[in-house]
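Worksheet: the structure to be examined is printed underneath.
In listed order, ligands and their atoms are each counted from 1. Everything quoted here is computed from the prediction, not taken from an experiment.
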Amino acid sequence: MGELSALFSPERIAVVGATERAGSVGRAIMENLLDSFAGEVVPVNPSHEEVFGIPTLDDVAAADADLAVVVVPPQIAVDVVREAGEAGVRNVVVITAGFGETGSEGAAREQDLIEVAQTYDIDLVGPNSLGIMSTPVGMNATFGPENATEGRMSFMSQSGAFITAVLDWANDQGIGFKDVVSLGNKAVLDESDFVREWGDDDDTDVIIGYLEGIDDGQAFIETAREVTAETPVVLVKSGRTDAGAQAASSHTGTIAGSDQAYEAGLEQAGVIRAASVQELFDAARVLESQPLPESDGVAVITNAGGPGVMSTDAIGDSRLSMASFTDSTLDAFSEALPAEGNIYNPVDIVGDADNERFRDALDVALGDANVGSVIVLSCPTAVLDYQQLAADTVELQAKHDKPVAACFMGGARVEPAAETLADAGIPNYFDPARAVQGLDALSRFRDITEREYQAPTTFDVDRERAREILTSVEGRADTRLGVEAMGLLDAYGIETPAGDIVDAPADALEVAESIDGDVVMKIVSPDILHKSDIGGVKVGVPNEDVYDAYEDLISRARNYQPDATIIGVQVQEMVDLDDGVETIVGMNRDPQFGPLLLFGLGGIFVETLEDTTFRVAPVSEPEAEAMTREIDAAPLLRGARGREPADVAGVVETIQRLSQLVTDFPAILELDINPLVATPDGVEAVDVRLTVDPDQL
Ligand code: ADP
Ligand code: MG
């Protein structure tokens, strides 16, 4: 049991604001508690003598409770919590609404509540919560219409209404819970606290949740990583609002919205993200009851060809694969199955298969070392008894201890069999795709438990020089920097081509002459975000054209915006693009998760191609390496079609160095290195753009 165990196993609960008034929240909570709570319930209400026959107390201090449930009006709720704290109550659930969700007065009240909780070290749920439940002690401290039945999932939800809907449905489905928490406004206890608590709780096998947001993404990742090494966490995250809606001036800022941050953050946390409520419970149920597969090969045993193909397709869409059987399995199938059957996967035992043939085939498949899990897929026939098939499936699953999913197709005739399966923790679905999704979740969780998280590498960098460059925006109206900040990359050990910024054609020529071969010339102006858009980049300029190119770049900038601030012209060494791949490495700061790194196919068409992947920084070397493998264009980097492979290790190191830079400097709000040209001989950051918040320096 974790630190919050007292919250979920109180002996004496004070209900502050208890009443019998019809339709009131205080009444609903009293009724729910009196219904099944194993301990004592103490109503607190100075305006009543008794509630439901129990004498009331005038104040919470007299109640000697170890949990206080607060349902008083918002104006006095904070005082009640303070009294509870003074009296030594360490666990409080604030049902009362009218806090942060209601505007500035409510927000101030919520702040007061937080201060009181801190002062008295109170584990506080809510405010604006439906309440909490814990089935081992029969505690239903909510005002919802349904109580949970006992089970081994613990469930948190940011929507109280959703809890009532889920319980109503779960009770029909025979799904039970250990603890249930309506998080409310999460003023004190939030999702990370409950994930930690349930990770430590021996009675919780699966943690599930419905979240609208995660307040501190970094803390959540840290906690969930530890917990998911053993306990699966499955979450639905709703709402795709872009809280970070600062007008983005980088490619990364445009592409990397808050949903990308959640996607990346939850994945890094080891959380399985469900896209729907159905997916949430499908995954949670198999995770609760089935063993983890040792391998990803699935055997499909079926008496029906068509559905067999459907499941093959679904497996093709998943991370799983069709198992290829060992010779002895194939021999056994050849002997047992009629000639028109199929001994290869999906194994078609033919429509006339009776229970014995089904059972034997299942036994053989489950015994094959190449088979990680099995789908029992059947259509009703005159010679097959579903009840018997269910009993056999249960027995063989237990014998081989491998995950099994069932697709007994049909209507009412399936129900008794499905119940037998469910009692043994084997889910039954009509749709093979759902069976596959369940097995897929098991495979994902197995990989999560096997993860080894590494610490990010710390490179030797020139932090002071970086700070100086960032400080150059201080006092400026415009806090964006372009190639004039190339030194920032240099300070963090990211290679940049030779070059300089000049403000006279003669100086441009001097720089060009110091560089071997033709050069690239670019306009440098904070008012010109994407230089190529206005013809502000000239590639392959020979020395004799440097003067003309200089004048042309300046006049293009003037034509584009007559009052543009022009810093000068950058003269830069040419990078060989024929042998290289233009990639982008960037960062956008997310309000919840912090620095979100992007890697992708770069160049001037980034937003059109959107071949990108994300990670919350800081990243370790394996994480940076994984990013370079995840994009569609990954084979390009590794030498597709006879090309020489690019310096992938250089890209991986650049991602890590950028990760260190943006972690060191919260003042960097967004940043693009685009392109980072990756050639067989190394990587070069050819262009940079960033926005700085000088107040954070
Ligand atoms: P912007 O992104 O503002 O348009 P860049 O500096 O990224 O400006 O240049 C645009 C494109 O020009 C790059 O994507 C690349 O294809 C090419 N380019 C820029 N600098 C070089 C260079 N030093 N060597 C080769 N090609 C370059
Ligand atoms: Mg660029």
| query | Out of Glu630, Glu263, Glu621, Glu267, which residue meets the salt bridge (Lys or Arg N to Asp or Glu O under 4.0 Å) rule with Arg615? | reply | Glu630
| query | Who are the side-chain hydrogen bond (donor to acceptor under 3.5 Å, both in side chains) partners of Asp672, not counting sequence neighbours? | reply | Thr252
| query | Partners of Asp478 by side-chain hydrogen bond (donor to acceptor under 3.5 Å, both in side chains), sequence neighbours excluded? | reply | Arg480
| query | Using 30° and 60° as the class limits, which term best fits the ring planes of Phe162 and Tyr210: parallel, tilted or perpendicular? | reply | tilted
Enumerate, one pair per line, all nitrogen or oxygen atoms of ligand 1 lying under 3.5 Å from a protein nitrogen or oxygen, stating the separation to 0.1 Å; write 'none' if no such pair exists.
from     : atom 1 : to     : atom 2 : distance (Å)
ligand 1 : 2 (O)  : Asp687 : OD2    : 3.0
ligand 1 : 3 (O)  : Lys531 : N      : 2.7
ligand 1 : 3 (O)  : Lys531 : NZ     : 2.9
ligand 1 : 3 (O)  : Arg689 : NH2    : 3.2
ligand 1 : 4 (O)  : Lys531 : N      : 3.4
ligand 1 : 4 (O)  : Ser532 : N      : 2.8
ligand 1 : 4 (O)  : Ser532 : OG     : 2.4
ligand 1 : 6 (O)  : Lys522 : NZ     : 2.7
ligand 1 : 7 (O)  : Asn674 : O      : 3.2
ligand 1 : 7 (O)  : Asp687 : OD2    : 2.9
ligand 1 : 8 (O)  : Asp687 : OD2    : 3.4
ligand 1 : 14 (O) : Glu582 : OE1    : 2.6
ligand 1 : 16 (O) : Glu582 : OE1    : 3.2
ligand 1 : 16 (O) : Glu582 : OE2    : 2.8
ligand 1 : 20 (N) : Lys522 : NZ     : 3.0
ligand 1 : 23 (N) : Gln572 : OE1    : 2.9
ligand 1 : 23 (N) : Glu573 : O      : 2.9
ligand 1 : 24 (N) : Val575 : N      : 2.9

Separation of [Y] [atom2] from [X] [atom1] (nearest 0.5 Å):
X      : Y      : atom1 : atom2 : result
Leu211 : Met156 : CG    : CE    : 5.0 Å
Ile272 : Leu287 : CD1   : CG    : 5.0 Å
Glu212 : Glu191 : CD    : CD    : 11.0 Å

| query | Which residues and atoms, protein N, O or S only, are under 2.8 Å from the Mg ion (ligand 2)? | reply | Asn674 O, Asp687 OD2
| Where do Phe593 and Tyr262 land on the ring pair (Phe, Tyr, Trp, His ring centres under 6.0 Å) test, with the steps shown first? | CA-CA 8 Å; Phe593 284 90; Tyr262 278 105; 5.1 Å; yes
| request: Could you tell me whether Glu222 atom CD has more than 12 heavy atoms of other residues or ligands within 6.0 Å of it? | output: no
